[in-house]
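Quick notes on the structure that follows.
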Amino acid sequence: TGSASSDSRYELKGDTLVFDMTVENRDTKFMRQLEIYDVGLLSDYLFEHPEIKILKITGPGGFAPAAREIAKKIIRFELDTVAFGKCASACSTIFLAGKNRTLEADAKLGFHRQWVDKEQEKIYYDTMKETKGWKNEFDYIAWVYDVLVDNIIKDIRFMERRGVSMDFIIKALSTDSVDIWEPTREELLDAGVVTTKTALKKSHN
C-alpha cells in the first residue's frame with residue numbers, strides 16, 4: 001500500500017521515499033500541508049537510508065521556508081523527484097529540486113507567488129517587535145516588504161538554476177497568492193519543469 005492509504009506521512013519503498021503531506025504525522029500539529037517539522041523528518045530518512053534515490057511527493061503546499069530547506073537537501077543528495085496527485089505551491093518547489101523530474105499519470109503541478117498568513121504574521125510581530133526594535137506595525141511593514149522581495153528574487157534564481165524558462169517563471173510568480181496556475185504537461189515539458197515526457201503509472205496505490 002502507498003502512503004495515501006497508510007498511517008505514515010512518509011513511506012520507504014526500495015529506493016523511493018514517498019511523502020504525502022496530506023497524511024497526518026503522529027504527535028505533531030496537523031494542517032494537511034507542508035510543515036517546518038518535515039525538514040527534520042525528511043533529513044532523518046535521507047541520512048538513515050542512503051539507498052534513497054527518488055522522492056515521490058504530493059500535497060497542496062504549506063510552509064515556504066520548509067520547502068526551500070528540503071529543496072536544498074534534495075539537490076545535495078542528487079535525488080530524482082516524481083509528483084503524483086495534486087502537487088502545488090511549496091510542493092512544486094520541492095519537485096523542482098529533483099535532478100530528473102517526472103509526473104505520474106494523475107499528477108498536476110500548481111504555481112503561485114508566496115502568500116502571507118496574516119494570523120501568523122501578527123503572532124510574529126507581537127513576539128519579535130522588541131527584539132527587532134519595531135515601534136509600530138509600519139516599521140514591520142518596511143521590514144517584511146524587503147523579506148518578501150528577497151524571497152521572490154531567490155525563487156526566480158532557484159527556478160532558473162533548475163533549468164526553468166524565464167517566461168514560465170514570470171507567469172508562475174505573476175499568479176496571485178490566492179490563485180493557482182496549473183500548466184499543461186506540454187507547458188511543463190517545454191519550460192523545463194518536467195525533464196522526461198514519459199508519464200509513470202499510478203504506482204503509489
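What you find for R68 and N151 is that their closest heavy atoms are NH2-CB, 3.6 Å. L12 and H49 make their closest contact through CD2-ND1, 3.3 Å (heavy atoms, listed as atom of the first residue, atom of the second, distance). The minimum heavy-atom distance linking I180 with A88 is given by the pair CD1-CB, 3.9 Å.
Of the possible donor and acceptor atoms, none in the side chain of D167 sits under 3.5 Å from a partner among the backbone N and O of I170. Proximity of a side-chain donor or acceptor of S92 to a complementary backbone N or O of G110 within less than 3.5 Å is detected. The backbone N or O of N100 lies less than 3.5 Å from no partner atom in the side chain of T195, so there is not a single donor-acceptor pair. When atom types are taken as modelled, the side chain of H112 and the backbone of T175 share no donor-acceptor pair closer than 3.5 angstrom.
Applying side chain to side chain contact (heavy atoms under 4.5 Å, CB included) to L79 and the options L17, L46, D15 leaves one that passes, L46.
Atoms CG and CG, from L103 and L189 in turn, are 9.0 Å apart once rounded to the nearest 0.5 Å. Taking OH from Y10 and CE from M21, the interatomic distance works out to 7.5 Å, rounded to the nearest 0.5 Å. Residue S174 holds its OG atom at 11.0 Å from CD1 of I169, rounded to the nearest 0.5 Å.
Within a 6.0 Å sphere centred on CD of E130, heavy atoms belonging to other residues, nucleotides or ligands number 12 at most.
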Inset, instruction - Applying salt bridge (charged side-chain N to carboxylate O under 4.0 Å, His left out), run through D176 and R113 and close with a yes or a no. - result: CA-CA 6 Å; D176 195 283; R113 61 175 171 261; 3.7 Å; yes
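Between D150 and K154 there is a salt bridge, since at least one side-chain N of the basic residue sits less than 4.0 Å from a carboxylate O of the acidic one. With respect to E160 and R157, no salt bridge is recorded, no charged nitrogen being found less than 4.0 Å from a carboxylate O.
Applying the disulfide (SG to SG under 2.5 Å) test to residues at least two apart or on different chains, the pairs with a partner in residues 57-119 are C87-C91.
Under the ring-ring contact (aromatic ring centres under 6.0 Å, His included) criterion, F111 pairs with F168, not counting sequence neighbours.
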